[in-house]
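To keep things clear, I will list the structure first and then write my remarks on it.
Just so it is clear, the structure is predicted and the values come from calculations on it, not from any experiment.
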Amino acid sequence: MKKIPHTFTIVFALILLAAVCTWIVPAGEFVRESVTIQNADGTTSVKEVVQNNSFRYVERNPQTWQVFSALFDGFVDKADIIIFILMVGGAFNILNNSRAIEVGVMAFLRRVLKLNRFKLFKKLGVENIIITLIMIMFSLFGAVFGMSEETIAFVIIFIPLAISMGYDSIVGVCMCYVAAHVGFAGAMLNPFTIGIAQGIADLPIFSGLEYRFLCWIILTIIGIAFVLWYANRVKSHPEKSPTFKLDNYWRQRSEEQQQSPVVYSTPRVAWILFVLLSIVMAFCAFTMPSTIISVGGGEAALPLMPILAALFLVTGIVTLRKSVHFFILDILLFTICFLIVGVLGYGWYVKEISALFLAMGICSGIADKQSADSIAKLFLAGCKDILSAALVVGLASGIIFILRDGKIIDTLLYALTRSLAESGDVASVGVMYVFQTLLNLIMPSGSAKAALTMPIMAQFSDLIGVSRQTAVLAFQFGDGFTNMLTPTSGVLIAVLGVAKIPYATWVKWVWKFILALIVIGFFLLLPTIFIHFPGF
């Protein structure tokens with residue numbers, strides 16, 4: 001049996017290949033200009049966009065020793081994601097040490113399995129219902145506010161859940177990461193892709209919502225159906241899982257936790273922490289009585305902070321009376337609630353989310369009666385455990401720097417767009433879609449790709465008589481599906497690192513599913529050519 005190369009080896013080989021391409025592909029550049037774009041919340045922002053017919057060939061800049069400096073540049077460029085991964089890994093190690101997740105997962109499964117006494121639930125399969133509901137939730141998060149980096153934190157939760165239900169780590173990754181990215185691809189209100197692309201294409205922000213919602217439903221159903229098929233196959237024949245041996249890490253971790261009995265108690269310090277957190281939440285409720293939630297083109301002022309403060313007061317007392325483990329899970333639950341409110345209402349990104357999870361970890365350690373030194377050691381141990389995942393994010397980012405500094409990204413873009421001019425409607429849309437899909441393999445940033453390609457694609461769609469909405473939809477699908485495959489995606493590499501799944505193993509498993517999504521995406525584009533949908 002052939003040994004699968006290490007992820008670091010694969011990514012560095014791609015860096016070398018990119019450097020070789022800078023010696024072969026002619027260097028070229030587009031002229032860019034700054035334009036003001038209307039955001040979904042009514043504000044404006046300045047983006048660098050490409051001027052039409054502005055491509056020119058420039059002097060070559062082949063990359064040599066830069067294959068090593070690209071690593072440094074990649075680490076600097078992705079420093080926020082790398083630090084986010086380390087902080088989340090450290091925080092969850094503190095939480096995991098309390099055994100709260102183990103207690104929560106087992107309590108959840110005991111309750112859910114009781115539903116098997118009802119014929120309907122037994123026929124449908126309780127585990128199938130769990131997977132379906134979780135995937136719908138994360139797909140909706142991806143479709144509404146572009147959840148992506150946030151899924152890194154949830155992998156640590158859902159893999160143990162999947163293993164405990166008799167599945168593998170791939171199912172755990174699918175429940176949150178794949179679901180969110182299927183939703184991301186079929187998004188209705190994602191401000192990071194649709195919002196920017198439509199703004200550049202001079203379209204009303206989030207117009208064409210109706211057909212996008214239909215696309216989201218279709219893609220989500222297909223994603224759930226595929227994961228359920230695979231999950232049931234693995235449960236029937238665990239040895240068929242490509243991560244069967246690799247998942248020994250998670251099984252041994254679960255067995256080690258089960259060997260030492262859980263002591264259900266609530267130390268006094270947990271009650272003190274509850275009082276302090278209640279005071280903090282009450283202060284937030286009084287200072288922020290109303291939160292403006294921006295979803296799509298609409299806004300709503302809601303009293304979310306007061307509601308969360310009141311709920312925490314009730315659930316905190318209930319969980320503390322049961323055990324500190326349930327109180328720590330309550331802290332985790334409200335961490336997720338504040339994450340959603342922060343992202344939708346206050347524009348949070350990785351810095352704020354990292355701080356939120358760090359606070360969660362520290363509070364979990366305090367509630368578990370850990371000393372300050374013990375919390376620090378647990379945090380460092382968590383960082384150490386996830387360090388390789390963090391480092392490979394910076395390594396993968398080096399690919400982009402080689403291509404960009406070698407000045408061949410624009411050349412590749414120009415060569416592909418020229419081929420569109422000689423095609424008919426269907427073929428042009430297909431080539432446009434394939435182009436966006438291929439470009440995403442080397443440029444996974446949706447906002448950057450929108451600024452680069454939409455000025456060209458929008459005007460080209462006018463020339464061939466295709467709606468600009470179709471060009472945006474081609475960009476959206478092309479940007480979404482291959483995010484789950486490309487080694488230049490820092491989020492994918494981080495998720496696989498946390499899950500202990502080698503990149504080559506993941507690609508071997510997921511490529512057929514991604515290919516199917518790409519084909520389905522093309523068929524979803526075709527109706528927009530022949531049928532006049534609202535907004536198209």
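Checking side-chain atoms of S164 against main-chain N and O of L161 turns up a donor-acceptor pair under 3.5 Å. At distances below 3.5 Å, not a single donor-acceptor pair connects side-chain atoms of N93 with backbone N or O atoms of G90. Judged by distance alone, with hydrogens and angles left aside, the side-chain atoms of T319 form a donor-acceptor pair with the main-chain N or O of T315 at under 3.5 Å. Formation of a donor-acceptor pair under 3.5 Å by the Y503 side chain with backbone atoms of L485 is found in this model. With hydrogens and angles disregarded, no donor-acceptor distance shorter than 3.5 Å links the side chain of T486 to the backbone of N483. When atom types are taken as modelled, the side chain of Y249 and the backbone of A499 share no donor-acceptor pair closer than 3.5 angstrom.
Between G142 and A187, the shortest heavy-atom contact is O-CB, 4.2 Å. A pairwise comparison of heavy atoms in S169 and T243 identifies OG-OG1, 3.4 Å as the closest pair. Contact detail for C337 and L308: the closest heavy-atom pair is CB-CD2, 3.9 Å. For G316 against D330, the heavy-atom pair with the smallest separation is N-OD2, 3.5 Å. Of all non-hydrogen atoms in G186 and W216, the two that sit nearest each other are O-CB, 3.1 Å. Contact between Q370 and I375 at its shortest, heavy atoms only, is CB-CG1, 3.8 Å.
Between Y230 and F513, the ring centre distance reaches or exceeds 6.0 Å. Annotation: F244 is not in aromatic contact with W250 [ring centroid separation under 6.0 Å not met]. Annotation: F401 is not in aromatic contact with F72 [ring centroid separation under 6.0 Å not met].
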> When you look at F138 and F158, which way does the ring pair (Phe, Tyr, Trp, His ring centres under 6.0 Å) test go after all the steps?
Replying inline: CA-CA 12 Å; F138 276 90; F158 287 111; 5.5 Å; yes
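In this pair, W509 and W506 present their aromatic rings tilted. The plane angle is within the 30 to 60° band. Between F357 and F154, the ring planes lie perpendicular to each other; the angle is over 60°, past the 30° to 60° tilted range.
Within the cation-pi definition used here (under 6.0 Å to the ring centroid, within 45° of the axis), K235 qualifies as a partner of Y167.
With hydrogens and angles left out, the side-chain atoms of S148 and H181 include a donor and acceptor closer than 3.5 Å.
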